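Data first, discussion second: the structure below is written as structure tokens.
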Amino acid sequence: MNNENMIYLMCFPFGGGGASVYSEWNEKMPSEIEVVPIQLAGREREIGEDPFTNLHKAADHYARVIGEKYANKRLAFLGHCFLGSTLAFEVIKRLENDPQLKIEHLFASAAYSPSSIREYGIDLDQDDEFINKVEELTGLRNEAFNIPELKELLMPTFKADFQMDMEYPRSHEVINIPITGIYAKSDTFVSKHEVEQWKQHTSKDYNLYEVEGEHMYLIDKAESVLEVIEKSLLNYVEGRE
């Protein structure tokens, strides 16, 4: 495999999630695509680091890390839900004019756009109500919250992620990178219409795909999004037989 043709797919997790959600993706991808799970501070192997509470500061950090490590490489980005997708978008904004990088694509999965109005009705000061509201909206339930010691350990990061989301100022900025929006057929949290709004944030091509499942389809129905990614990214690979 010619490394010049390799595309490195930077995968950002959803609020409250970690890099492990993407841990098995490389086994299911063709050799031309290498999945790079991005581990956010404050969870899993980065549990000892303070989590970010400001999305722009987080984007500054990950843009610097990715820009240094992947100089002269070809990149694509994927994020799930608002936090993952918008963080990927903001990182791209910081890197797209770097002459040492070639950014091919952004995949926005089950995500409100940067310009969307997001009103979740979440109170970060009420732990149990916060947890229940997130479960109600997203279908995500972390069983670790049933264990008091783990709940105390994980809550600061969980809250920090939603603080980044809720305090992110609406943006109408545009990237010069193609965007693919992906929405789940049975998602009751983020609608097709909301995912369609990502079209306003690119000066290049925009495509929209429907996949089976609910909002967190990424966990139990990942094959559908993998098919979309493979179909899209292999178009950029030269000399593939």
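Residues: numbered from 1 along the sequence shown. Predicted model, so just to flag it, every value in this text is computed and none were measured. Values reported hereafter were calculated over all heavy atoms of this structure, with side chains retained and with hydrogens, waters and symmetry mates removed.
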Q) Considering only heavy atoms from C-beta outward, does the side chain of Ile66 approach that of Leu75 to under 4.5 Å? A) yes

Q. Salt bridge check: are Lys133 and Asp123 linked by an N-O gap of less than 4.0 Å?
A. no

Q: State whether the side chain of Asp187 and the backbone N or O of Glu214 hold a donor-acceptor pair below 3.5 Å, judged by distance alone.
A: no

**Q.** Donor-acceptor contact present, side-chain Ser116 to main-chain Ser113, <3.5 Å
**A.** yes

Q: Determine the minimum heavy-atom distance between Ala222 and Trp25, stating which atoms define it.
A: CB-NE1, 3.8 Å

Q. Quick one: are Ile179 and Phe107 in side-chain contact, heavy atoms under 4.5 Å?
A. no

Q: Go through the steps to decide whether Asp127 and Lys151 satisfy the test salt bridge (Lys or Arg N to Asp or Glu O under 4.0 Å), and finish with yes or no.
A: CA-CA 10 Å; Asp127 288 1; Lys151 179 181 177 182; 5.3 Å; no

Q.
Checking the side chain of Ser85 only, and the main-chain atoms of Phe82 only, is there a donor and an acceptor separated by less than 3.5 Å?
A. no

**Q.** Whether Glu230 side chain and Pro30 backbone form a donor-acceptor pair below 3.5 Å
**A.** no

Q) Going by atom types alone, do Tyr206 and His201 pair a side-chain donor with an acceptor below 3.5 Å? A) no

Q) Just one of Leu233, Ile7, Ile92 clears the side chain to side chain contact (heavy atoms under 4.5 Å, CB included) bar with His105, so which one? A) Leu233

(Q) Other residues, nucleotides and ligands only: do more than 12 of their heavy atoms fall within 6.0 Å of CD on Gln197? (A) yes

Q. Ignoring hydrogens and geometry, is there a side-chain-to-backbone donor-acceptor pair from Asn235 to Lys231 under 3.5 Å?
A. yes

Q: Please collect all salt bridge (charged side-chain N to carboxylate O under 4.0 Å, His left out) contacts where either partner lies in residues 163-176, sequence neighbours excluded, each pair once.
A: Lys93-Glu173, Arg118-Asp165

Q) Within a strict 4.5 Å, meaning less than it, do heavy atoms of the Glu90 and His56 side chains meet? A) yes

(Q) Parallel, tilted or perpendicular: which one describes the rings of Tyr70 and Tyr8, with boundaries at 30° and 60°? (A) tilted

Q: For the residue pair His80 and His215, categorise the inter-ring angle as parallel (less than 30°), tilted (30 to 60°) or perpendicular (more than 60°).
A: tilted

Q | Validation row: Phe162, Phe130 side chains within 4.5 angstrom (heavy atoms) | A | yes

Q. Hey, does the side chain of Glu44 reach the backbone of Ser20 with a donor-acceptor pair shorter than 3.5 angstrom?
A. yes

(Q) Set out, in order, the CA-CA distance, both residues' side-chain angles and the distance that settles ring pair (Phe, Tyr, Trp, His ring centres under 6.0 Å) for Tyr209 and Tyr183, then state yes or no. (A) CA-CA 6 Å; Tyr209 288 90; Tyr183 70 96; 9.7 Å; no

Q: Measure centre to centre between the rings of His193 and Tyr112, then say whether the value is under 6.0 Å.
A: no

Q | Main-chain N/O of Gly17 paired with Arg43 side-chain donor or acceptor, under 3.5 Å | A | yes

